[in-house]
> 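One structure, as C-alpha cells, below. Some questions next.
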Amino acid sequence: MHPTSLMMTSSLIIIFVILTYPVLTTLSPRPQDPHWALSHVKTAVKLAFFVSLLPLFLFLNEGLETIITNWNWMNTATFDINISLKFDHYSVIFTPIALYVTWSILEFASWYMHADPDMNRFFKYLLIFLITMIILVTANNMFQLFIGWEGVGIMSFLLIGWWHGRADANTAALQAVLYNRIGDIGLIFFMAWVAMNLNSWEMQQMFAVAKDMDLTYPLLGLIIAATGKSAQFGLHPWLPSAMEGPTPVSALLHSSTMVVAGIFLLIRMSPLMENNQTALTTCLCLGALTTLFTATCALTQNDIKKIVAFSTSSQLGLMMVTIGLNQPQLAFLHICTHAFFKAMLFLCSGSIIHSLNDEQDIRKMGGMHRLTPFTSSCLTIGSLALTGTPFLAGFFSKDAIIEALNTSYLNAWALALTLLATSFTAVYSLRVIYFVSMGHPRFNPLSPINENNPTVINPIKRLAWGSIIAGLLITSNIIPIKTPIMSMPAVLKLAALTVTILGLLLALELATLTNKQFKPTPTLTPHHFSNMLGFFPTIIHRLTPKLNLFLGQAIASQTIDQTWLEKSGPKALTNLNLPMITTTSNIQQGLIKTYLSLFLLTLTLALLISY
Amino acid sequence: MASAYLTHQQKVLRLYKKSLRHLESWCIFRDKYRFYACMLRARFDENKNEKDMVKATMLLKAGEEEFWTNQHPQPYIFPDSPGGTSYERYECYKVPEWVLEHWHPSEKAMYPDYFAKREQWKKLRMQSWDKEVAQLEAETPPRRPQD
C-alpha cells in the first residue's frame with residue numbers, strides 16, 4: 001500500500017481510538033480520578049486534533065481522499081452493510097475544525113462546570129457526542145450516518161436536560177427529541193426508498209445508480225430530515241429552547257456541530273440533488289424563510305443565549321439557501337467558518353454569565369467593556385465575523401453566498417428575504433454589544449467578575465484566532481469545485497456589505513433613541529410578533545397536543561363504544577330489524593270481522609270450485 | 001391574619017409593584033425608568049384619597065386592564081425566582097437526609113465526628129418523639145364540623 005495512504009488511514013483510525021479510550025476507561029469499576037475530565041478527556045481531544053492535522057495536510061498537499069471499509073456487518077447477495085469511513089474533502093476538513101472547537105470548549109467547560117459534582121459525567125457525554133458526530137461526518141453509507149444521526153440526537157437530549165431538576169430543562173430536552181424525531185421520519189423514508197430502488201446504502205453506488213431516476217420523493221424526505229435537525233422553519237422551536245442546557249453544551253452542540261448535521265447530510269447527498277429543481281427550490285425558499293424569520297425573532301429577545309441561538313438558526317437558514325443555489329461547497333465553507341465565531345460568541349456569553357452570577361438578561365448587563373475587556377473584545381470580534389466584516393472569517397463564506405445568490409437567476413423573493421436577514425444580523429449583533437459591553441453597569445456591584453483564569457482566556461483566544469484567519473486559510477487552500485462568478489456589477493458585489501452597514505446604522509440610531517425620553521413602550525404589535533417568536537410555539541405547542549388528546553379521548557370514549565354497540569353490535573341489529581318489523585306489523589289493521597268473513601268466503605268458494 | 005381574600009389596599013399595591021417591574025423591563029436605562037416610574041407614582045397618588053369604594057374599584061379595574069395591554073411579554077425575572085434561568089437548577093443534586101444512612105462504612109469513616117454527633121442526635125430524637133407529637137396535637141386547632 002502506498003505509504004501516504006497508509007499514513008492517512010492509520011491516523012484516522014488512531015483518532016477514533018484516542019477518542020474512544022477515555023469512554024472505555026469509565027467502564028472499569030475503579031473509582032474515577034476527580035481530575036479525569038481535564039487530564040483524560042481534554043488531553044484526548046487535543047491529541048486527536050493534532051493527529052487529525054496529518055490527514056488534512058496530506059489532503060491539501062496531494063488531494064488525497066480515502067475510503068476505508070473496516071468491517072463487513074451484513075452482506076447478502078444484493079445488499080451490503082459495512083462499517084466504512086469516507087475521508088473526502090468534507091470530512092477531512094471538518095474533523096480538525098470540530099476537534100479544535102471541542103478542545104477549546106472542553107477547556108472552558110472545566111472552568112464553567114467546576115462547581116458541578118458530576119463534571120466527569122458531563123465530559124463523558126460531550127466526548128460521546130463528539131465520537132458520534134465524527135461517525136456521522138465520516139460515514140460512507142446511510143446506515144452508519146443514521147447511527148451517528150441518532151447518537152447526536154440522544155446526546156443532545158441528555159445534555160440539554162443536564163439540570164434535570166428543572167422543569168423547563170426537561171421540557172426543552174423533550175422538545176429537541178420530538179422535533180428531531182419528526183425529521184427522522186424523513187430520513188428513514190429516504191433510506192427505505194433508496195434501499196428498495198437503488199439497492200444499496202453505500203454512497204458511491206447510490207450516486208452511480210440514481211443518475212436518471214426521479215428522486216423528488218426521497219429528496220423531500222432528506223429535506224424534512226434537515227429541517228428537523230438543522231432547525232429550519234416549521235421544526236425550529238427546539239433550538240432556542242435548547243439554551244436550557246449549560247453554555248458549553250450550547251456552544252458545542254447547538255451552534256457548531258450538531259445543528260449543522262442536517263446541512264451536512266444535504267451536502268453529502270448533493271450529487272443526488274443537483275439535477276432536481278424541485279428539491280433545490282424547496283431548499284432555497286425554506287432557507288430564505290428560516291433566515292428571515294429567525295433573524296426577526298432575534299431582534300427583540302433579551303436573553304443573551306437566545307439571541308445567539310436565533311442567530312445560529314438564521315445562519316443555518318443561510319446554509320440551506322446555499323444548498324438551494326446548488327453550491328454545496330460554499331455551504332460547507334460557511335459551516336466551517338461559522339463554527340469558530342459562533343462557538344466563541346457562546347463562550348464569551350458564558351464567561352459574562354458566570355461573572356454576573358448567572359445573570360443572562362442583557363437588560364441587567366452593561367459596561368462589560370471596562371470590566372471584562374478581553375471577553376467583550378472577543379464578543380465584538382465574533383459579532384463582526386458573524387455580520388461578514390471584510391476579511392474576517394465570516395466574510396469569505398457569507399459574501400460568497402450572497403454574491404452567488406445575487407448573480408443567479410433564481411427566486412428574487414429568496415434574495416430579498418436573505419438580504420433583509422443579513423441587515424437584521426447586523427441589528428441584533430449591535431444590540432447585543434450595545435447592551436452588554438457599552439454604557440454603564442445595570443447589575444449589582446458585588447459580582448465575581450474575574451478574567452484572569454487561563455482556562456477561560458485561552459479557549460476564547462484560540463477561537464478568536466480561528467474567527468479571524470479561518471476563512472482566509474480555508475479559501476486559500478481549497479480548490480473550488482464550481483467556478484464562482486468572477487465579474488458582476490459593483491452594486492451586486494457590494495450588496496451584502498451595503499445592507500450590513502445600513503443595518504448597523506439603523507441599529508445605532510435605534511439604540512440612541514432607546515436612551516431618550518420618548519415613550520416607555522415601542523409599537524406593541526411588531527414587538528410582540530418578534531418577542532413571542534411569531535407566536536409559532538404558542539400556537540403549535542398548544543394546538544397539536546390538544547388535537548391529539550381530543551382525538552384520543554374521542555377514540556377511547558366514543559368511537560370504540562360507537563363501533564361495537566351502534567354500528568356492528570346489538571344496536572345495529574336492532575336498527576336493521578326494527579323497520580322491517582314495524583312495516584310488517586303495521587300492514588294488518590286489526591279488522592278481525594272483515595278478515596274472518598273474507599276467510600270464510602274464500603274457504604266457501606274454494607270448496608264450491610273443488611266439488 | 002391572612003385570609004383567602006385580598007383587601008383593596010393589597011390589590012392596589014400589587015398592581016403598583018408589578019407595573020413598576022414591567023416598566024423596568026421596558027425602560028432598560030435607569031434614568032429613563034426613573035422618569036416614567038415617577039410619572040406612574042404621580043398617577044397612583046392622584047387617586048389615593050378616594051373614599052368611594054365603587055369608584056376606587058372601577059379605577060383599580062381600569063388600571064389592571066391598562067397593565068394587561070401594556071405588559072412586557074418577557075418581563076425581567078430574577079435568575080433564582082420561579083420562571084428564571086437558574087430556578088430549580090440544583091434540585092437534581094439535593095438528596096434527602098436519610099440517604100446518609102445508606103452510605104458505605106468506609107465513606108462514613110471519612111467523617112467520624114459528624115456521624116458520631118448524628119448518632120447522638122438520632123437518640124435524642126427517639127426520646128423526645130412522644131413529647132413533640134403531644135405538643136403538636138395540642139397546638140393544632142380542631143377541625144371544622146363541616147369537613
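Here the structure is a predicted model, which means the values were calculated and not measured. Per chain, numbering begins at 1; letters A, B, ... match sequence-line order.
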> Check each atom of A:Arg442 against the heavy atoms of chain B and say whether the ones under 4.5 Å are side chain, backbone, both or neither.
side chain
> Between A:His440 and chain B, which part of the residue has a heavy atom less than 4.5 Å away: side chain, backbone, both or neither?
neither
> I would like to know whether A:His254 and A:Ser156 meet side chain to side chain contact (heavy atoms under 4.5 Å, CB included); could you show each step before the answer?
CA-CA 9 Å; A:His254 305 121; A:Ser156 170; 3.3 Å; yes
> Verify the distance criterion only: is there a donor paired with an acceptor across the side chains of A:Gln175 and A:His541 at less than 3.5 Å?
yes
> For A:Tyr125 and A:Arg121, which I'm curious about, is there any donor-acceptor pair between the side chains at under 3.5 Å?
yes
> Let me know if B:Tyr93 has heavy atoms under 4.5 Å from chain A in its side chain, its backbone, both or neither.
side chain
> Please confirm whether A:His527 and B:His72 have ring centers closer than 6.0 angstrom.
yes
> Under 4.5 Å heavy-atom distance to chain B, tell me which part of A:Lys516 shows up: side chain, backbone, both or neither.
backbone
> Under 6.0 Å between ring centres: does that hold for B:Phe115 and B:Tyr111?
no
> Taking the six-membered ring for Trp, are A:Phe293 and A:His236 ring centroids under 6.0 Å apart?
yes
> Is chain B contacted by the side chain of A:Ala167, its backbone, both, or neither, given a heavy-atom distance below 4.5 Å?
both
> How close do A:Ala173 and A:Gly161 get, heavy atom to heavy atom, and via which atoms?
CB-N, 3.9 Å
> Starting at OG of A:Ser250, measure out to CG of A:Leu347 and round the result to the nearest 0.5 Å.
10.5 Å
> So if I take each residue of residues 7-37 of chain B and look for any heavy atom under 4.5 Å from a heavy atom in chain A, which residues do I end up with?
B:Leu23, B:Glu24, B:Ser25, B:Trp26, B:Cys27, B:Ile28, B:Phe29, B:Arg30, B:Asp31, B:Lys32, B:Phe35, B:Tyr36
> Using a strict cut-off of less than 4.0 Å between a Lys/Arg side-chain nitrogen and an Asp/Glu carboxylate oxygen, indicate whether B:Asp80 and B:Arg89 qualify as a salt bridge.
no
> Taking every heavy-atom pair that is under 4.5 Å apart, which of A:Leu524, A:Asn515, A:Asp361 has the most such pairs with chain B?
A:Asn515
> Do A:Ser351 and A:Phe108 pass the side chain to side chain contact (heavy atoms under 4.5 Å, CB included) test, and can you show the C-alpha distance, the side-chain angles, and the key distance before you say yes or no?
CA-CA 9 Å; A:Ser351 170; A:Phe108 177 82; 4.3 Å; yes
> Answer with side chain, backbone, both or neither: which region of B:Pro82 has an atom nearer than 4.5 Å to a non-hydrogen atom of chain A?
neither
> With chain B, which of A:Met243, A:Gln301, A:Glu244 has the greatest number of heavy-atom pairs at distances under 4.5 Å?
A:Gln301
